[in-house]
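In the text below, chain A, chain B and the rest are named by the order of the sequence lines, each starting its count at 1.
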Number of protein chains: 2
Amino acid sequence: MPTINDVAKAAGVSPSTVSYVLSGRRPISAETRARVQAAIAELGFHPHAGARALASSKTNVIALVAPLRVDVNVPVIMQFATAVVTAARSYNHDVLLLTKDEGTAGLERVAHSTMVDALILMDLERDDLRIPALRRLKQPSVLIGLPQDHTGIACVDLDFGAAAREALAHLAGHGHRRIGLVGPSPAVYKRQTTYADRFLTGFLEASAELSLRTVTHPCEPGAEGVRSCLADLDAELDGLTALVVHNEEALRPLLDLLHATGRRVPDDISIVAVCPRDVATAMPIQLTSIDIPAHDVGTLAVETAMRLLDGRRVEYTRLLAPSLVERDSCREISTSHR
Amino acid sequence: MPTINDVAKAAGVSPSTVSYVLSGRRPISAETRARVQAAIAELGFHPHAGARALASSKTNVIALVAPLRVDVNVPVIMQFATAVVTAARSYNHDVLLLTKDEGTAGLERVAHSTMVDALILMDLERDDLRIPALRRLKQPSVLIGLPQDHTGIACVDLDFGAAAREALAHLAGHGHRRIGLVGPSPAVYKRQTTYADRFLTGFLEASAELSLRTVTHPCEPGAEGVRSCLADLDAELDGLTALVVHNEEALRPLLDLLHATGRRVPDDISIVAVCPRDVATAMPIQLTSIDIPAHDVGTLAVETAMRLLDGRRVEYTRLLAPSLVERDSCREISTSHR
DNA sequence: CCTCGTCGTCGAAGCGCTTCGACGATCGGC
DNA sequence: GCCGATCGTCGAAGCGCTTCGACGACGAGG
């Protein structure tokens, strides 16, 4: 492996000149630069990352802390990860992958040993124990999610409150007045990931504002969970004409169940789902849905980290506006049904 | 951030002694060791990764090159990644996540700049262009998959040939004689990932050995693909009593289709699936399946990399034996049907 | 009782890079 | 035509660690 000294000799300059050619931090004559670049290319020189990190205190690596349990939301997590890696590369950074279950210790390990310049975490809980630890690190962090007290730490997420409002507004605009919410599983609420609450709050607010009759229920996984959730919703409010589904894994069994019980979508019942685009379109009926913009969120998280790294200002809470895409699962309700 | 010098002063020893306490490469008296460790704990010392890498030429990081397109096989990829990260941590290594689409250049970048000690790649194609590049690197690599010419590079994978044989043997053992294979999508064959061929070859061999009547077909994604695949199978061989399904995403629509057309599983038709355990059990009917042991493969890949790193011998081709788990989708065929 | 080997520790060199200060050369302004 | 600023380059220091050789001290073997 050639070093910067080899390059310097080959180009007939000093090592520092090579360094300045590489970093552009000082003016170098076109002629010298060309000679140096030729030498670099010829020798196949790549600067030693460790040496660089040591001398410059920058690693050009960011940590991504992902929940790698084999979970329900695997596809979404993958999308986040993909977006983060891709975006990081576009800023000439690499990504070190950590699992959530290394917890606080893992964060401190990579931060203290200067393996990374910044951290991006996903799947934050309401009172996430990692947050105080994060504050103590010298590296900046960006959260994908919105825990309770995130003062001083940048957060990026979909605006789930607005998403709920948009879902209801859409249905109300189509004449629906009696609407049920199929929520995430109780486990999600228990895990205290705040998006569930934010969605629910938005849902209830919009329901009140629009004077709707609504009813909400969490939904256990599996066909049985869906069955009982729907039964509960029906029991608590009859004449439901629409469902908002904030539970990816419930979608499929829900559609099966509706089909089996002869309730046609959208003729008898309309549905707005909150899920990634591809899930909405992979269903037997194309679902009108509010996208979970994992790609945008991941990219934005990286951008934010980069701004933080070069000392630019950032907004500490960025909630992306939801966007509803109409497909085939909602229909205008005739006035007679209202 | 305290340095090794701070620790040395606090403990009243020289920096090299601290280093030897950390690495254990030279004997240190119990007393000194205790003093040093106390100083380390008190100061919260973590060795600087870059400095370490520079001085020792070891980074304690391995690269994981994953196909991060939003693909069909997302859950399996996640399982590989999880296993690799977890296993790597157990060897005190971290994982740098690269995307497959950085291609050869990405590999060379991280290898030449000494960011990683070893590489693990997944989703290898038959004549993968990255393989010659890998051979030129000074870091060892381990492949998850089995490309054509992998001389000198360690490979780890499920033995898909044996998996096919096991599936057929199981069905034959239950009296089935006319069996169809629902294969991966044509895109998979086109992509030249060899597992599809290995499975198919094993299937045909076993079919011959067991004197079965079999028919095989790739299966396009989506309900329509499944419908036409099944139609083709039925057309080419009537009286099918069993299906081997080597296509995760086809499972769901296939079961729907069979249900809709009144063919009961397993009463009218038996099924053996090749898919991760959790997919098999998430279906409306628990599927007898051959597991894709992503966790084991990932762990083994890391182990192999570690052996390579400390110069121990490894088997250059490790194909894990498949294991079939009986669930509810196969039944003994009565002799009258044979 | 002397020697040799081992144990425990130290000091110094060096890993490959960045960056600061210095310095000659060049150039524009008056 | 002279002075100060700017440009382009160099040398050296130093980032924090590992590792090699050296060296007392000490115990065992003859």
Side-chain angles (χ1 to χ4, degrees), chain A residues 1-37 39-40 43-61 92 109-117 138 310, chain B residues 1-37 39-40 43-61 92 109-117 138 310:
Chain A
M1 253 356 30
T3 73
I4 201 172
N5 283 295
D6 301 331
V7 175
K9 275 173 201 149
V13 299
S14 80
S16 52
T17 300
V18 177
S19 178
Y20 288 124
V21 167
L22 252 24
S23 70
R25 297 182 160 284
R26 290 220 178 153
I28 297 288
S29 69
E31 187 200 357
T32 305
R33 194 180 322 124
R35 273 213 322 285
V36 169
Q37 272 158 352
I40 289 177
L43 298 177
F45 167 72
H46 288 252
H48 186 293
R52 224 170 202 191
L54 181 56
S56 69
S57 306
K58 298 170 64 310
T59 62
N60 275 36
V61 174
N92 195 30
R109 184 172 57 79
V110 299
H112 289 157
S113 62
T114 323
M115 300 186 77
V116 301
D117 293 338
K138 62 169 193 262
D310 40 50
Chain B
M1 267 322 60
T3 74
I4 201 172
N5 284 295
D6 301 330
V7 174
K9 275 173 201 151
V13 299
S14 80
S16 54
T17 300
V18 177
S19 178
Y20 287 124
V21 168
L22 252 23
S23 69
R25 295 181 161 284
R26 289 220 177 153
I28 297 289
S29 70
E31 188 199 357
T32 305
R33 194 181 321 125
R35 272 210 325 283
V36 169
Q37 272 157 353
I40 289 177
L43 298 178
F45 167 74
H46 289 251
H48 186 292
R52 216 165 210 198
L54 180 56
S56 69
S57 307
K58 298 170 65 306
T59 63
N60 276 34
V61 174
N92 195 31
R109 185 171 57 79
V110 299
H112 288 158
S113 61
T114 324
M115 300 186 76
V116 302
D117 293 338
K138 63 168 191 262
D310 40 51

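If you measure from atom CG of B:Leu43 to atom C1' of D:dG16, you get 15 Å, rounded to the nearest angstrom. Here D:dC17 presents its C1' atom at 15 Å from CE of A:Met115, a figure rounded to the nearest Å. Protein atom CG of B:Leu22 is 11 Å distant from nucleotide atom P of D:dT19, rounded to whole Å. If you take CZ of A:Arg25 and C1' of C:dG21, they are 16 Å apart, rounded to a whole angstrom. Taking atom NE2 on B:His48 and atom P on D:dC17, their separation rounds to 8 Å, with Å as the unit. At whole-Å resolution of the value, NZ in A:Lys58 and C1' in C:dT19 are 14 Å apart.
In terms of phosphate contacts, B:Arg52 brings no side-chain nitrogen or oxygen within less than 4.0 Å of OP1 or OP2 of D:dG16.
The backbone N or O of A:Lys58 sits nowhere less than 3.5 Å from a side-chain atom of A:Asp117 that would complete a donor-acceptor pair.
Among all heavy-atom pairs drawn from A:Asn5 and A:Pro15, the shortest one is OD1-CG, 3.2 Å. Across all non-hydrogen atoms, the minimal contact from B:Ala8 to B:Ser14 is CB-C, 3.7 Å. Minimum interatomic distance between B:Thr32 and B:Ser29 (heavy atoms only, all atoms of both residues): OG1-OG, 2.8 Å.
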Donor-acceptor contacts, no H, no angles, side chain residues 19-26 of chain A, under 3.5 Å, sequence neighbours left out:
unit_1  : atom_1 : unit_2  : atom_2 : d
A:Ser23 : OG     : A:Ser19 : O      : 3.2
A:Ser23 : OG     : A:Arg25 : N      : 3.3

Atom pairs and distances, donor-acceptor, side-chain atoms in residues 45-53 of chain B, under 3.5 Å, two or more places apart:
unit_1  : atom_1 : unit_2   : atom_2 : d
B:His46 : NE2    : A:His112 : ND1    : 3.4
B:His48 : ND1    : B:Gly50  : N      : 3.0
B:His48 : ND1    : B:Ala51  : N      : 3.0

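When the local axes at the two ends of the helix from C:dC1-D:dG30 to C:dC30-D:dG1 are compared, using 5 base pairs at each end, they differ in direction by 30° after rounding to 10°.
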message: Across nucleotides 6-15 of chain D, 5' to 3', mark each nucleotide with B, S or - according to how protein heavy atoms within less than 4.0 Å reach it.
response: --SBBB--BB

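Separation of atoms CE (B:Met115) and CG (A:Asn60) is listed at 7.5 Å; rounding is to 0.5 Å. Within the model, atoms CG of B:Leu43 and CE of B:Met1 stand 10.5 Å from one another, a figure rounded to the nearest 0.5 Å. To the nearest 0.5 Å, atom CD1 of residue A:Ile4 and atom OG1 of residue A:Thr17 are 9.5 Å apart.
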Distances under 3.5 Å only, N/O to N/O: pair up the protein atoms with those of nucleotides 24-27 of chain C.
none

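In this structure A:Asn92 satisfies the side chain to side chain donor-acceptor pair (under 3.5 Å) test with no other residue, sequence neighbours excluded.
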